[in-house]
Participant: 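My structure is below; once you've seen it, I'll send some questions.
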Amino acid sequence: QVQLVESGGDLVQPGGSLRLSCAASGFTLDYYTIGWFRQAPGKEREGVSCMSNYGGSTYYADSVKGRFTISGDNAKNTVYLHMNSLQAEDTAVYYCASVRLTVVAGRWCLAQGSFGSWGRGTQVTVSS
């Protein structure tokens with residue numbers, strides 16, 4: 001059974017950093033693409049970043065490019081989202097999602113409909 005569990009969300013001051021984790025079970029990351037999404041209050045869920053094990057390619061939304069980094073540890077079956085220079089606009093519930101697909105990461109993996117399995121999310125609040 002595919003399961004994704006997010007962790008690492010917290011309250012952080014503007015300009016601070018956090019690392020989110022997405023622990024996968026029931027499958028191995030070798031043949032999967034993992035995406036990170038977020039949903040702020042009153043807004044639709046949006047794609048933040050994704051990583052495909054096809055060459056380890058990654059893709060980022062313009063709003064986080066240069067501040068967020070996605071990485072994976074296949075030995076731990078975990079994908080991380082390193083977030084730096086956090087801003088109030090980054091406040092949201094962050095979700096990870098998976099799909100059994102290994103193609104080059106691109107705009108396609110920032111779309112919710114590309115993914116079949118989802119975690120329950122972790123809250124990130126950026127506030128002074």
Participant: Only one of Y95, Y94, W118 clears ring pair (Phe, Tyr, Trp, His ring centres under 6.0 Å) with F37; which?
Facilitator: W118
Participant: Just by modelled atom types, is the R120 backbone N or O under 3.5 Å from a matching donor or acceptor in the E6 side chain?
Facilitator: yes
Participant: Under 3.5 Å, is there a donor-acceptor pair between the side chain of N77 and the main chain of A23?
Facilitator: no
Participant: When clusters are formed by joining ILVMFWY residues with side-chain heavy atoms under 4.5 Å apart, either directly or through shared neighbours, do Y31 and F27 land in the same one?
Facilitator: yes
Participant: Is the F68 to W36 ring centre distance short of 6.0 Å?
Facilitator: no
Participant: Membership question, hydrophobic clusters at under 4.5 Å side-chain separation (ILVMFWY): are M51 and Y59 in the same one?
Facilitator: no
Participant: Shortest non-hydrogen contact from P14 to S128?
Facilitator: CD-N, 3.7 Å
Participant: Kindly compute the distance separating OH (Y32) from CG (N53), expressed to the nearest 0.5 Å.
Facilitator: 11.5 Å
Participant: Could you check whether any side-chain heavy atom of N74 comes within less than 4.5 Å of a side-chain heavy atom of T28, counting everything from C-beta outward?
Facilitator: no
Participant: Could you tell me whether a side-chain N or O of S114 sits under 3.5 Å from a main-chain N or O of W108, the two making a donor and an acceptor?
Facilitator: yes
Participant: So, for S98 and V2, which heavy atoms are closest and what is the spacing to 0.1 Å?
Facilitator: OG-CG1, 4.0 Å
Participant: When rounded to the nearest 0.5 angstrom, what is the spacing between CZ in R38 and CD in Q123?
Facilitator: 12.0 Å
Participant: Could you tell me which non-hydrogen atom of V48 sits nearest to which non-hydrogen atom of V64, and how far apart they are?
Facilitator: O-CG2, 3.5 Å
Participant: In terms of heavy-atom contacts, does NZ of K65 have more than 12 from other residues, nucleotides or ligands at under 6.0 Å?
Facilitator: yes
Participant: Is it the case that one hydrophobic cluster holds both Y80 and L18, taking links as side-chain heavy atoms less than 4.5 Å apart, direct or via other members?
Facilitator: no
Participant: Drop me the distance from L81's CG to C50's SG, to the nearest 0.5 angstrom.
Facilitator: 11.0 Å
Participant: From D73 CG over to L29 CG, what is the distance, rounded to the nearest 0.5 angstrom?
Facilitator: 9.0 Å
Participant: Rounded to the nearest 0.5 Å, how far apart are OG of S49 and CE of M83?
Facilitator: 11.5 Å
Participant: Walk me through it: do L11 and S127 pass the test side chain to side chain contact (heavy atoms under 4.5 Å, CB included)?
Facilitator: CA-CA 7 Å; L11 170 64; S127 176; 4.1 Å; yes
Participant: May I ask you to decide if G9's main-chain N or O and T122's side chain share a donor-acceptor pair within less than 3.5 Å?
Facilitator: yes
Participant: Please say yes or no: joined through hydrophobic side-chain contacts below 4.5 Å, possibly via intermediate residues, are L110 and V79 part of one cluster?
Facilitator: no
Participant: If you take all heavy atoms of S17 and S85, which pair is closest and at what distance?
Facilitator: OG-N, 4.4 Å
Participant: Is there a side-chain contact between R67 and Q87 (heavy atoms, below 4.5 Å)?
Facilitator: yes
Participant: Please tell me whether L20 and V12 are part of a single hydrophobic cluster in this structure, the criterion being side-chain heavy atoms less than 4.5 Å apart.
Facilitator: yes
Participant: Of all heavy-atom pairs between G47 and A61, which one has the smallest distance, and what is that distance?
Facilitator: O-CB, 3.5 Å
Participant: Which pair of heavy atoms, one from K76 and one from T78, lies closest together, and at what distance?
Facilitator: O-OG1, 2.9 Å
Participant: When you measure from the side chain of T33 to the backbone of V99, do you find a donor-acceptor pair of N or O atoms at a distance under 3.5 Å?
Facilitator: no
Participant: Can you measure from CZ (F115) to CG (L4) and round to the nearest 0.5 angstrom?
Facilitator: 10.5 Å
